[in-house]
Amino acid sequence: MARGLITLGLIIAGVGLVFLLVEKFPEKIGWIGKLPGDIQIEKKSFKFYFPIATSILISLVLTILFWLFRRR
């Protein structure tokens, strides 16, 4: 249980660090959320954004990471 909580804490800290880096360097990591396949509709008083491709990519990366950690 303790290892699981420590791992979860490290993952949350890592995600927080990624968010900080994305805010500081948006031009370097600006492709996240703007992949082909992300739906973006803009009208006069309406904006709709649904990041399908970004969600799939993040899901794939997290699945691989969790699979690698589970193998131990």
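Bear in mind that the values here come from a model prediction, so they are computed numbers and not experimental data. All values below come from the heavy atoms of this structure, side chains included, with hydrogens, waters and symmetry mates left out.
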About how many Å separate CD1 of I64 and OG of S59, when rounded to the nearest 0.5 Å? 9.5 Å

d(R70 CZ, T63 OG1) to nearest 0.5 Å is 10.5 Å

Would you find a donor on one side and an acceptor on the other, under 3.5 Å apart, between the side chain of T7 and the backbone of R3? yes

For [X], what are the other residues in its hydrophobic cluster, where any two members join if their side-chain heavy atoms are less than 4.5 angstrom apart?
{"X": "I6", "answer": "L10"}
{"X": "I12", "answer": "L8"}
{"X": "I56", "answer": "I39, I41, F46, F48, F50, I52"}

Does any non-hydrogen side-chain atom of W67 lie less than 4.5 Å from one of L62? no

Minimum heavy-atom separation for A53 and P36, please, with both atom names. CB-O, 3.3 Å

